[in-house]
Amino acid sequence: MTKIRANAAEISDSGEPQLPTSMRAMGRKPLRYLEDLNPEQREAVETLDGPLLVLAGAGTGKTRVLTTRIAHILSLGRARPSQILAVTFTNKAAREMKARIGQLIGGVVEGMPWLGTFHAIGVKILRRHAELADLKPSFTVLDTDDQIRLLKQLLGAENIDEKRWPARLLAAMIDGWKNRGLTPKRVPEGESFAFANGKGRDLYALYQKRLKELNAVDFGDLLLENLRLFQEHPDVLAQYQQRFHFMLVDEYQDTNVAQYLWLRLLAQGSRNICCVGDDDQSIYGWRGAEVDNILRFETDFPGAKIIRLERNYRSTANILGAASGLIAHNQGRLGKTLRTDIGAGDKVEVQGCWDDEEEARVIGEDIEQFQRQGQSLSEIAILVRASFQMRAFEDRFITLGLPYRVVGGPRFYERQEIRDATAYFEVTLNPANDLKFERIANTPRRGLGEASLKSLHQLARAHNVPLMQAARLIVETEELKPRPRKALADLIDSFDRWRSLIDTMRHTELAELILDESGYTAMWQAEKSPQAQSKLENLKELIRFMEEFDTLAGFMEHVSLVMDAEAEEGAARVNLMTLHSAKGLEFDVVFLPGWDEGLLPHQRSLDESGRSGLEEERRLAHVGLTRARARAKITFAQNRRTHGMWQQAIPSRFIDELPIDHVEVAETQGFHGSYGQSRFDTAENLFASGFYETPGWQRAQRNRPRGGANQSPRAREPITIDGTLVAASTIEGAGLEVGTRVFHQKFGYGHIVQVDGNKLTVDFDKAGQKKVVDSFVERV
DNA sequence: AACTAATACTTTTTT
DNA sequence: AGTATTAGTT
């Protein structure tokens, strides 16, 4: 078989003289890279034609399949690098793929122009056809800050009380609509009502209008505008359909509706789309990811082949067994059986603690123990559900003198000083960028306060010109008091001067000049707070990062999309992070603290999304367990401080769902709580008095559909766009529609005013309008 | 415009 | 409880 393929490679090889020599050289070798794959992986790499879904469980070599597949396509000469579309979610994943393809084909991967994040590729396409989207090719991409700032202005102009209707909420709603591929016109009436009594949709439309005026897009637009471009200009779509001979998608379970539609349009060309993902690792439902996308793959892409990667190369049998047993409790899944050859290993440890402090103490001691055994600290991780849990560990590690690092946290580009600095650069390049102008107009303080900016805004709106233009006008008048007037005039002069230097001065020098002359560096130097120093360091780092680009404009293009802090590899440290940021990573030893009911199945997730929320929490737990190679330890606390108040906690139901054979309940030292030796004793005692007794939980249990493993994970109305079925699933709890009279344990009687999937907006007779989950109400 | 007092938050996070 | 943002005061 290898031989036949090798021949095929040679034949097509000669027909494709454009291939780089390194790849051609590879074609002659009998495709050695295939020999390192197991049969399923190999099939996934070699099944090139038609739609393919690779269900890759945790640790089964997902990235390897993806990268080898690309190498394979190239070496067979089935496509040139520029004819392959490969999308990931994060820049990190894209970088890693580039590096690994480089290793495979020997050398740097030049000319994989279409390997990148959804957003990066979206920008690229949109810039090429900006005019068709009513934009100039130089459009800017707004970050979240700008987005909020803009919406605040809009709300102000519309006289909407920002207290009652915060800009953040509107931003989240608009984001949600964009994630679902909804333009303002298509926003359902009912949902529009959820903001400012029905103004939601109009505000969205207004916001889009302002974006166009500013020649800007937000993150959501990158996909949405692409979609519109493709739908309204079939010739453009056809162009890309013909270009992309092969499409590869990483983490398919995380795609949202807009991304899905985008992929589907493009895939109508070659039909060679390969999606890799794991429905059991879908943990981003709350930000628009549709598990249904992966569950429905066969329907969406008729004739699709599905390959399961079930051989795990990461964890011991006990860890895998525990994780598999846990995830088996989920109903809406395609189902996989993970195997490993690594051996049984140690059982998963479970230990109860008195409170979160003891939890940190116990884990700290364990880590020191491992350290004495020669375990590297960088191979140890603590994975928490919520970031507030980190504090107890940080406190403990500081007293122990145990080096640790917090993974995740604010990204480099999101830091205040970086945003300020780039705002200066942006305004230098593009004076019409009002949002950035506003951001730095009075930073550092130069006497341009609220009042001055307000007059400026008025003038800008009256003349329909950018703020910078308005500023030029206003300094010629008596409108402002002398002091702000002078400050503004100086600022305009400065920007003009900086702009005149763009072509002559080296961009890094210019950047330093701008930060110096604007007084921005001086501002931080004058501040004595401990953070000021690190902010100055970050600014230096920013300039260093700029070296990698040729021009200021080139740098700015990348800044909002591609920049993030690189993890400095120093001395070995214990890793502390959330379960979400742990996805895709692996460690020898993993600690999973806080498996408390209400924290690991997070209460809010349960409240807001009912059973699908519970299942997502279970997937989160599963992701946590499968990060471990050799050892995993789960802990829970009996007492936990929630917003200042001590509260009793009970062990997570997930602990009881772990298969007993793979688990060992640890002796608790110094622990004298109300529970005995067995975790089941505990659970039973707590069953009698705790969460499971609440009416909501019981009702949720009762409404839970039985049987049918093929049940969809979520009940909701089908989503259609342009009559295209986008996300259909079975509709449970039928009969719950607008107008239906319902009863709720806590809120009493009311009638439904809006249905959004399993979320209902109910107007209660006594309690007023509330959002509730369908399983918590009863028809009356 | 800058300080202090009061008030409102508090799951997860990428682009 | 603790912080982060905002409103009110000087």
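For clarity, every value in this text was computed on a predicted model and none was experimentally measured. Naming: A, B, ... by sequence-line order, numbering from 1 per chain.
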*asked:* Between C:dG2 and B:dT13, how far apart are the two C1' atoms, rounded to whole Å?
replied: 23 Å
*Identify which nucleotide among B:dT10, B:dT13, B:dT12 has an atom closest to any side-chain atom of A:Tyr284, counting heavy atoms from C-beta outward.*
B:dT13
*A:Leu223 near the nucleic acid: base, sugar-phosphate alone, or nothing, with a heavy-atom cut-off under 4.0 Å?*
nothing
*When you check the side-chain N and O atoms of A:Lys62 and A:Gln281, is any donor under 3.5 Å from an acceptor?*
no
*Whole-Å distance separating the CZ atom of A:Arg149 from the C1' atom of C:dT5*: 15 Å
_Check whether A:Asp355 reaches the backbone of A:Asn639 with its side chain - one donor and one acceptor, N or O, closer than 3.5 Å._
no
*Rounding to a whole Å, what distance do you find between A:Glu357:CD and C:dA1:P?*
15 Å
*Can you tell me the distance, in whole Å, between the CE atom of A:Met577 and the P atom of B:dT13?*
11 Å
*If we take the C1' atom in both B:dT12 and C:dT5, what is their distance in whole Å?*
22 Å
*asked:* On the six-membered ring of A:Phe654, is A:Arg618 placed so that its NZ or CZ lies under 6.0 angstrom from the centre and within 45° of the ring axis?
replied: no
*Within this structure, what is the CD-to-C1' distance between A:Gln389 and C:dG2, rounded to whole angstrom?*
17 Å
*Using the ring of A:Tyr284 (Phe, Tyr or Trp, six-membered ring only), decide whether A:Arg287 places NZ or CZ under 6.0 Å from its centre and within 45 degrees of its axis.*
yes
*Measure the distance from CG on A:Asp355 to C1' on C:dA1 and round it to the nearest whole Å.*
15 Å
*Look at the side chain of A:Ser581 and decide which nucleotide, out of B:dT15, B:dT13, B:dT11, has an atom nearest to it.*
B:dT13
_Using OP1 and OP2 only, check whether a side-chain N or O of A:Ser387 sits under 4.0 Å from B:dT12._
yes
*In terms of side-chain heavy atoms of A:Thr117, which of B:dT15, C:dT6, B:dT10 is nearest?*
B:dT15
*Does A:Thr578 put a side-chain nitrogen or oxygen below 4.0 Å from OP1 or OP2 of B:dT11?*
no
*asked:* Without decimals, in angstroms, what is the distance between A:Leu620 CG and B:dT12 P?
replied: 11 Å
_Out of C:dG2, B:dT11, B:dT15, whichever nucleotide has its closest atom nearest the side chain of A:Arg391_ = C:dG2
_Side-chain (A:Lys178) to main-chain (A:Met173) donor-acceptor, under 3.5 angstrom_ = no
*Rounded to the nearest angstrom, tell me the gap between atom CD in A:Glu616 and atom C1' in B:dT13.*
12 Å
*Look at the side-chain N and O atoms of A:Arg287 and state whether any lies under 4.0 Å from the OP1 or OP2 oxygen of B:dT12.*
no
*asked:* In this structure, how many angstroms lie between the C1' atom of B:dC9 and the CG atom of A:Leu169, rounded?
replied: 14 Å
*Count the heavy atoms belonging to other residues, nucleotides or ligands that lie under 6.0 Å from NZ of A:Lys124, then report whether that count exceeds 12.*
yes
*Using a 4.0 Å heavy-atom cut-off across all strands, classify A:Lys152 as base, sugar-phosphate, or nothing.*
sugar-phosphate
*Could you please name the option among B:dA1, B:dT11, B:dT15 that lies closest to any side-chain atom of A:Arg604?*
B:dT11
*Could you tell me whether the side-chain ring of A:His580 sits stacked on the base of B:dT12, using a centroid cut-off under 5.5 Å and a plane angle under 30°?*
no
_Taking any heavy-atom pair under 4.0 Å as a contact, classify A:Gly447: base, sugar-phosphate, or nothing._
sugar-phosphate
*Check whether the aromatic ring of A:Trp286 stacks on the base of B:dT12, taking stacking as ring centres less than 5.5 Å apart and planes within 30° of each other.*
yes
